[in-house]
Amino acid sequence: MKFKFKFIIGAIAIMILLTTLFYSKQIANAIEDGIGICLNILIPSLFIFLVLSDFFKKTGLLEIILKPFSIVCSKLFKLDISLGPTLLFSLICGYPAGARLISDMVLSGKISKKIATRMLYFCVNSGPAFLIGGISVPLFCSIVPGIILFFSQIVAFFLVGIFSSIGKSIEKTKTNKNNMPITQAFVISVQDSAKSMAIICSFTLFFSGIIGLFNQLNILNINSNRYLKALLIGLIEVANGTAYCKNINGLGMFLIISLITSFGGICVHCQLKAILYNAKIKFGTFYLWRIIYCTISILVSWILFLHIKIPAHAFAGSAIRNHISTQNPISSIILIILSIALLCCDKKAVIIKNIYKRAK
């Protein structure tokens, strides 16, 4: 059975490879759009949050300030109070920041795989920077839809966290009283965030190319239904799906965006598996809770959409596709800096670690 499965996968891979040779220009154009998404949406909305969340986690600088939030989460989610900052960072930073923090804690022995698996049920969501700055403003010319989308995911975050904790007891985690020095924590946080950003952008470019190939082969254009096509593209890769939503409008458009941003798409789930690979966390029950999470998020979005009454002109916003394709020298400079950081941080981190050990 395993041999047949590998043979089928190999045959499919060869077919895709041969197909890409015939449509290399179209795929290249799709990847160019993916580069635009990385430069203008993903890097600006994710990188700084990845660095800061990891930095504050390593140094413990916000543990006292976030204690009230940690106490509330501990009572609601049946989790140790020390996990409060991780929950907040995963909610604010968006995916895959939560998965990355959870993976680090598992690898360091701070939490068990059982706790990590349950935290993943609700610690995978779109952050406000992506929902508001990357989707709402360029697509709707308003921050209101983005606020609604983020609030709906906050509700799903808390409800799934509460539901999944029913019958559970609080399991104490291993505390790390010796927080990392600020300088060392900053360098390592930049290093790890650059690697995570490279993983995120790589998957985005790959799936952008796949979407371009599917569009060329007319695979996603089922019965010429624009809503269905937007949904399918979004379930493959979120940013491309929201970009295609400029071709539709109304409540259907809004609910599709709510679904694909709360689910995350295949691209995001591949990122999660790549980040959590060393932690060896299984994803079986995660997908069941993801359905519950998405259902809650869509229902809340729907209710708020009907009551807030977003003006019709908000759906005539500027095309996001043009927005992400515009050449931006600042974004290019940021990308160059990130590339240099990715190449150099390993060596710097080792030097700082050695200095720190000698100082001890």
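Side chains included, hydrogens not; waters and symmetry mates left out as well; all remaining heavy atoms used. All residue numbers refer to positions in the sequence shown, counting from 1.
For the atom pair Cys123 SG and Tyr293 OH, the distance stands at 9.0 Å (nearest 0.5 Å). Expressed to the nearest 0.5 Å, how far CG of Leu120 lies from NZ of Lys282 amounts to 14.5 Å. Interatomic distance, CG of Leu88 versus OG of Ser53, reported as 10.5 Å (0.5 Å rounding). Taking CG of Leu159 as the reference point, atom CG of Leu76 lies at 10.0 Å (rounded to 0.5 Å). To the nearest 0.5 Å, atom CG of residue Leu213 and atom CD1 of residue Ile219 are 6.5 Å apart. Note that the CZ atom of Phe56 and the CG atom of Leu101 stand 12.5 Å from one another [nearest 0.5 Å].
Considering only heavy atoms from C-beta on, Met119 stays 4.5 Å or farther from Val106 through its side chain. The closest side-chain heavy-atom distance from Ile148 to Phe305 is not below 4.5 Å. Counting heavy atoms from C-beta outward, Ile236 and Phe214 have side chains that approach closer than 4.5 Å. In this structure, Phe263 and Val268 have side chains that are not in contact, with every pair of non-hydrogen atoms separated by 4.5 Å or more. Annotation: side chain of Asp33 is not in contact with side chain of Ile211 (no heavy-atom distance under 4.5 Å). By the 4.5 Å heavy-atom criterion applied to side chains, Cys201 and Ile43 are counted as neighbours. Asp54 has its side chain within reach of Asp104: a pair of non-hydrogen atoms, C-beta onward, lies under 4.5 Å apart. Looking at heavy atoms from C-beta onward, Tyr227 lies out of side-chain contact with Leu231 at the 4.5 angstrom threshold.
Heavy atoms only, all atoms of each residue included: Ser208 and Gly34 are closest at OG-CA, 3.5 Å. Residues Gly133 and Pro138 approach most closely at O-CD, 3.4 Å, considering heavy atoms. Listed here is the closest heavy atom pair of Thr242 and Leu139: O-CD2, 3.8 Å. Phe49 and Ala129 get closest at one heavy-atom pair: CE1-CB, 3.6 Å. Nearest heavy atom pair, residue Ser189 against residue Arg100, reads O-NH2, 3.8 Å. Taking both residues in full, the closest heavy atoms of Thr261 and Tyr95 are given as O-OH, 2.9 Å, listed atom of the first, atom of the second, then distance.
In this structure a side-chain-to-backbone donor-acceptor pair under 3.5 Å is present from Ser193 to Val51. The backbone N or O of Ser126 sits less than 3.5 Å from a side-chain atom of Gln153, completing a donor-acceptor pair. Side chain of Ser152 to backbone of Ser301: no donor-acceptor contact under 3.5 angstrom is found. Counting only distance, with no hydrogens or angles, the side chain of Ser74 and the backbone of Leu79 share a donor-acceptor pair below 3.5 Å. Under the 3.5 Å distance criterion, the side-chain polar atoms of Ser258 are left unmatched by any main-chain donor or acceptor of Phe254. Under the 3.5 Å distance criterion, the side-chain polar atoms of Arg290 are matched with a main-chain donor or acceptor of Ser262.
Under the 4.5 Å side-chain heavy-atom criterion for grouping Ile, Leu, Val, Met, Phe, Trp and Tyr, Ile291 is not connected to Phe163 through any hydrophobic cluster. Two different hydrophobic clusters hold Leu83 and Leu107 under the rule that ILVMFWY side chains link at heavy-atom gaps under 4.5 Å. If you chain together hydrophobic residues whose side chains sit under 4.5 Å apart, Ile303 and Ile308 never meet in one group. Put simply, Leu288 and Leu259 are part of two different groups of oily side chains (I, L, V, M, F, W, Y) that touch within less than 4.5 Å, one to the next. Both Leu50 and Ile92 are part of a single hydrophobic cluster, where members link through side-chain heavy atoms under 4.5 Å apart.
Between His269 and Phe286, the ring center distance clears the sub-6.0 Å criterion. Taking the centre of each ring, Phe77 and Phe157 come in below the 6.0 Å mark.
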Side chain to side chain contact (heavy atoms under 4.5 Å, CB included) evaluation trace for Lys229 with Asn215
CA-CA 10 Å; Lys229 184 175 182 178; Asn215 282 330; 3.2 Å; yes

Evaluate the criterion side chain to side chain contact (heavy atoms under 4.5 Å, CB included) for residue pair Ser136 and Phe150; output intermediate values, then yes/no.
CA-CA 11 Å; Ser136 183; Phe150 182 56; over 6 Å; no

Start with the C-alpha distance between Met253 and Phe140, add both sets of side-chain angles, then the distance that settles side chain to side chain contact (heavy atoms under 4.5 Å, CB included), and finish with yes or no.
CA-CA 11 Å; Met253 167 194 185; Phe140 298 99; 3.8 Å; yes

Evaluation steps, side chain to side chain contact (heavy atoms under 4.5 Å, CB included), between Ile292 and Tyr121:
CA-CA 9 Å; Ile292 299 173; Tyr121 297 159; over 6 Å; no

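In Phe158, the CZ atom is crowded: over 12 heavy atoms of neighbouring residues, nucleotides or ligands sit closer than 6.0 Å. Counted within 6.0 Å of CD1 on Ile147, heavy atoms from surrounding residues, nucleotides or ligands total more than 12; the atom is thus considered enclosed. The neighbour count for Phe69 CZ, taken as heavy atoms of other residues, nucleotides or ligands under 6.0 Å away, is above 12. Within a 6.0 Å radius of CZ in Phe283, more than 12 heavy atoms belonging to other residues, nucleotides or ligands are found. Within 6.0 Å of NZ in Lys168 there are more than 12 heavy atoms belonging to other residues, nucleotides or ligands. Remark: Phe151 CZ is loosely packed, at most 12 non-hydrogen atoms of other residues, nucleotides or ligands lying under 6.0 Å away.
The cationic group of Lys280 lies under 6.0 Å from the six-membered ring centre of Tyr277 and within 45° of the ring axis, placing it in a cation-pi geometry.
Of the candidates Leu205, Thr204, Val238, Cys267 forms a side chain to side chain contact (heavy atoms under 4.5 Å, CB included) with just one, namely Thr204.
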